[in-house]
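Here is the structure we will look at, set down as structure tokens.
Keep in mind it's a predicted model, so treat the numbers as computed, not measured.
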Amino acid sequence: MAEEIVKIDKMEHSTSLRCVNQLTGRQQELYWQFVKTISRLEKEVIPCTVMTKRDWSAVFLAIALDFPEFFYWNQYEIKRVQQNEDGTVFSFEMSYHYNDRDLIRRKMNQMSAMAKDILEQIITRGMTEAEMVRAVYDFLTLNLTYTNEKYQNGNSYPYASYTLETLLNRVGVCEGISVTFLYLLRQLQIECFGYASETHAWNVVKLGDLGDQHFFCDVTWDLRERENGRRYQYYMLTERQMRAKSHPDGDGVLFPGMRAYE
């Protein structure tokens with residue numbers, strides 16, 4: 001059995017604020033099977049239980065948002081899918097942006113080092129969780145650039161722009177920006193949750209020093225607001241405030257406290 005590139009602690013991931021907790025029991029079983037496969041850079045997957053296209057969509061989205069470390073996995077392309085006429089999937093062949101384990105580890109080390117350098121610059125001793133979230137948010141909205149190359153490059157994104165490599169390139173689409181925000185906060189032991197609909201990706205943050213309350217953050221949309229001379233329009237909002245702004249929450253994923261994908 002191949003060695004894991006990304007070390008997986010199932011208990012740690014299943015008990016914190018993660019997309020896996022939004023899945024059904026069967027989907028969670030599939031989720032962990034695919035997580036193990038991707039962490040080992042393996043290609044052939046035979047689902048351990050019945051899997052429909054709906055399961056596949058939910059599980060893959062949850063993994064992409066829960067594991068920014070899987071930047072080398074091509075979540076949008078599967079080399080082979082075999083399924084019955086009723087839509088039951090019984091075989092996958094996974095696709096990866098990188099197949100060289102040493103290259104993946106070097107890139108992972110680069111991103112880890114860059115995250116450490118950024119946090120050393122912006123985080124000071126004695127900060128509250130809320131102050132640390134603000135510092136990370138400020139850094140990203142001032143230093144990242146949103147790309148719209150989807151509309152300029154044959155209706156597809158350059159792969160690095162929707163992965164954690166956004167951290168290295170400082171350019172990304174909403175998904176890359178969202179997982180970068182998530183990754184930096186998790187380095188600070190702050191719970192952050194990735195959210196995505198069919199058209200957009202953003203985050204939910206849980207702050208222990210504010211009574212474990214959930215707040216919504218959308219770095220991508222605040223990048224746009226910054227260009228218009230405004231800031232913090234989509235920062236640390238309550239559910240009611242987020243809905244009042246007509247945020248795209250209705251086309252695929254629901255807010256915390258509700259079960260998504262059902």
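A pairwise comparison of heavy atoms in Trp73 and Ala64 identifies CZ3-N, 3.9 Å as the closest pair.
Taken to the nearest 0.5 Å, the CD1 atom of Ile118 stands 4.0 Å off from the CZ atom of Phe139. Taken to the nearest 0.5 Å, the CD atom of Glu93 stands 10.0 Å off from the CD atom of Glu77. The line from CG of Asp55 to CD of Gln28 is 12.0 Å long, rounded to the nearest 0.5 Å. Leu30 contributes atom CG, which lies 9.5 Å from atom CG of Leu23 (distance to the nearest 0.5 angstrom). To the nearest 0.5 Å, atom CZ of residue Phe70 and atom CG of residue Leu164 are 12.5 Å apart. A distance of 11.0 Å separates CD in Gln189 from CG in Leu185, rounded to the nearest 0.5 Å.
In this structure, Phe193 and Gln22 have side chains that are in contact, with non-hydrogen atoms separated by less than 4.5 Å. Put simply, the side chain of Tyr96 reaches to within 4.5 Å of the side chain of Ile38, judged on heavy atoms. A 4.5 Å side-chain heavy-atom check between Ile5 and Arg101 finds at least one atom pair inside the cut-off. Within the 4.5 Å cutoff, no side-chain heavy atoms of Ile122 are placed close to those of Asp138.
The aromatic rings of His200 and Trp202 sit parallel to each other, their planes meeting at less than 30°, with 60° as the upper class boundary. In this pair, Phe60 and Phe92 present their aromatic rings tilted. The plane angle is within the 30 to 60° band. Between His97 and Tyr159, the two ring planes are parallel [angle under 30°; tilted spans 30° to 60°].
A salt bridge is absent between Arg18 and Glu191; no separation between the charged side-chain nitrogens and carboxylate oxygens falls under 4.0 Å. Checked for salt-bridge contact, Arg106 and Asp102 miss the test: no charged N lies under 4.0 Å from a carboxylate O.
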List the steps and the verdict of side chain to side chain contact (heavy atoms under 4.5 Å, CB included) for Leu182 and Asn203. CA-CA 7 Å; Leu182 180 154; Asn203 300 91; 3.9 Å; yes
How far apart are the C-alpha atoms of Phe71 and Ile104, what are their side-chain angles, what is the distance that settles it, and do they pass the side chain to side chain contact (heavy atoms under 4.5 Å, CB included) test? CA-CA 9 Å; Phe71 66 93; Ile104 292 170; 4.0 Å; yes
For side chain to side chain contact (heavy atoms under 4.5 Å, CB included), just list the numbers for Met51 and Arg26, CA-CA rounded to whole Å, side-chain angles, deciding distance to a tenth of an Å, and then say yes or no. CA-CA 8 Å; Met51 187 177 199; Arg26 186 185 75 252; over 6 Å; no
Residues 109-117 side chain polar contacts: donor-acceptor under 3.5 Å, at least two apart:
from	atom 1	to	atom 2	distance (Å)
Asn109	ND2	Arg105	O	3.2

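Residue-environment remark: CG (Leu103) exceeds the threshold of 12 foreign heavy atoms within 6.0 Å.
Residue pairs meeting the salt bridge (charged side-chain N to carboxylate O under 4.0 Å, His left out) criterion with at least one partner in residues 177-190, sequence neighbours excluded, are absent.
The cationic group of Arg231 does not satisfy the cation-pi geometry with Tyr137, failing either the under 6.0 Å distance to the six-membered ring centre or the 45° limit from the ring axis.
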